[in-house]
Amino acid sequence: MHSSRLIIPVALAALTFACGKPPVEGGASAAPASSGTSAQVKQLMTARGLSEADVQAALKTYLPSGKLDEYLIFASGGQSGQVLVIGVPSMRLLKLIGVFTPEPWQGYGYGGLSDAVLAGGQQIGNKKLTWADVHHPNLSETKGDYDGQFLFVNDKANARVAVIDLADFSTKQIVANPLVGSDHGGAFVTPNTEYVIETSQYPAPLGREYAPIAEYKEKYRGLAMFWKFDRTKGRIDPSQSWAVELPPYTQDLADSGKLVSDGWVFINSFNSEMATGGILEGNPPIESGASQNDMDYLHVINWKKAEQLINAGKARTIKGIRVLPLEVAAAENVLTLIGEPKSPHGADVTPDGTEIVVGGKLDTHTTVYSFAKIKAQIEAGKFEGKDGFGINILPFKDSIRGQAEIGLGPLHTVFDDKGFAYTSVFIESVVAKWSLKDLKVVDKIPVQYNIGHILAAEGDTVSPDGKYVVAMNKMSQDRFQHVGPLYPQNFQLIDVDTEKMTMLIDGAIGIGEPHYSQMIKADKLKPISVYKMGTNPYTDEIDKFAVTPGKERIERKGNVVDVYMTAVRSHFTPDRIEVNEGDTINLHITSVEQAEDQTHGFTIDMHNVNLSLEPGKHENVTFVADKAGVFPMYCTEFCSALHLEMTGYLLVKPKK
Ligand code: CUA
């Protein structure tokens, strides 16, 4: 629209105006006249070593105190097991949402009601999972567009999916996949969030059983899980969920079809060789064994047909989940394959749903598949053969529209509102902008360095916004002050509304290693500010133990003590809890605040109890007072001038 040359003088004029120069044409009217500010700005630029382009970038990202960001990024927190919420264009970190791991500030996983959410993701008896490899956050959609209601995210390491409610930005549910041992193609939603899709990564015997590695081809399998999402309850319903068994080809990323391709899912794979390593046994390592073939397989799943077959009783139930067997999926063409260039990574459906863009890590192209051609060939039974599992293979050349020559190591692709695609190019360390119309690269911008995922403003919906692209880089040498050998990750904000893409700002991410992220227009979110008094946030109902002011009490039945407590500025009632050593204590605490941002915290010395009591929130904590002593309890949020006085004692009398 406007070239960067035009913007610089305008931007500088805006800056000088802000400093008191007479208004330029089109500026606001009531500026006091003074002189010399332009020189001041120039001085400042010289002193700070800033170019005009730097000033322009600063003007596009700077938010004066009190101004709000236009977009929010929901970013994978990687190994932290959390989700990061980041404002755009400021790149300010707004929140860490505890998801798969405890998050102390939110009191998530420290004795209160949230413990049950975390427990939902535990699977193997005595192995308590205290970390996750968070990969791909996905916002709920209505008609293929973000609706701002829910966020889903997967844990690659332990094959889990979490549901986060964006009414209060807290994690409500974690489901562990009982069938597979890792996932990658998740947590992608269908266009109306009927399902949350989770596809496996490393094949294993379904149901988490044992089989010798020599029986890899016979017994090891991939899986596409379709978790049924109940939007009215805001929870996944495992009893209505089902899966499609896949060949052991190491499925990678996935994307749902939309609009014309609604009802279909596209999944990459990268080890059609079925290499299983065995270096000590004299075999090549998996990385080279898996890179022998020139082509791997794009998996095309007709999920609406799969759903019909599941409902018609064609499934085999494994660990309580209905699984459509591979032979049925193949015979019914629920699953078909198409060649895709070497070691693909991203499979991204275009905003209009007509095409699928695949990037190949070891190829220099992105390949653009035509959904119409794919569908027509499946319907006409036009296949070039079958793979070793009896799955029909569509001819590659007749399934694509063409290929775009991108550069070294294209990974992921997102889209704007003007018909352009943006592909992250790992080895070349650039973002490549190319035209979907003629598949020609029109611009490249270097990134620092080695970009993995990429995101754009609403860039994977039916109506992308353009404006911003974020490069999610894997390395950041020379970008930040050194903080030891583990460097920050670097999210670079790029302006894509300028004729040439322009780098705006480096966003240091101190928690890693992030994978995918999504960016939503902030005004689509409608978060609450306070809970209705006595709300259990994990049932979204008034808790049956909720306490109202004046009804605080301590009840003893044998060696069980129920404490009904309220928290309000600046005291807990009761503030003394006297029990006997060995008693079981059920603590019920309601914050009876209803004022915005008036949060209290609650902790007890040496008991690892730590709660966040946002206005109206209720918490239940159960523990055994197994050590005699005097244990201070206090409010952990600086809630008022008398915050330090918001305290009390747990007094545990010793056994005689
Ligand atoms: Cu309540 Cu500090």
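Every number for a ligand or one of its atoms is a count from 1 in the order of the listing.
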Handout entry: Residue pairs involving residues 80-95 (criterion salt bridge (charged side-chain N to carboxylate O under 4.0 Å, His left out); sequence neighbours excluded)
Key =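 Applying salt bridge (charged side-chain N to carboxylate O under 4.0 Å, His left out) to every pair that reaches into residues 80-95, excluding sequence neighbours, yields Asp69-Arg92.
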Exercise for the section: Just grab all the salt bridge (charged side-chain N to carboxylate O under 4.0 Å, His left out) pairs involving residues 479-488, residues at least two apart or on different chains. Expected result: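 Counting only pairs at least two positions apart or across chains, no salt bridge (charged side-chain N to carboxylate O under 4.0 Å, His left out) contact touches residues 479-488.
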Handout entry: Protein N, O or S within less than 2.8 Å of atom 2 (Cu) of ligand 1, waters excluded
Key =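 Metal shell, protein only: Cys635 SG, Glu637 O, Cys639 SG, His643 ND1.
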Exercise for the section: Report the residues that fulfil side chain to side chain contact (heavy atoms under 4.5 Å, CB included) with Val652, sequence neighbours left out, ordered by chain and then residue number. Expected result: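 For Val652 the side chain to side chain contact (heavy atoms under 4.5 Å, CB included) partners, ignoring immediate neighbours, are Val579, Glu581, Ala625, Phe631, Leu650.
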Handout entry: Atom of Phe572, atom of Leu613 and distance for their closest heavy-atom approach
Key =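 Smallest heavy-atom distance, with atoms named: CE2-CD1, 4.4 Å.
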Handout entry: Min side-chain heavy-atom separation Tyr564-Glu552 under 4.5 Å
Key =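 A side-chain contact is absent here, since even the closest heavy-atom pair is not under 4.5 Å.
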Practice task
Look at the side chain of Thr599 and the backbone N and O of Glu614, then say whether any donor-acceptor pair between them is shorter than 3.5 Å.
Solution key: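 Not confirmed, Thr599 side chain does not pair with Glu614 backbone.
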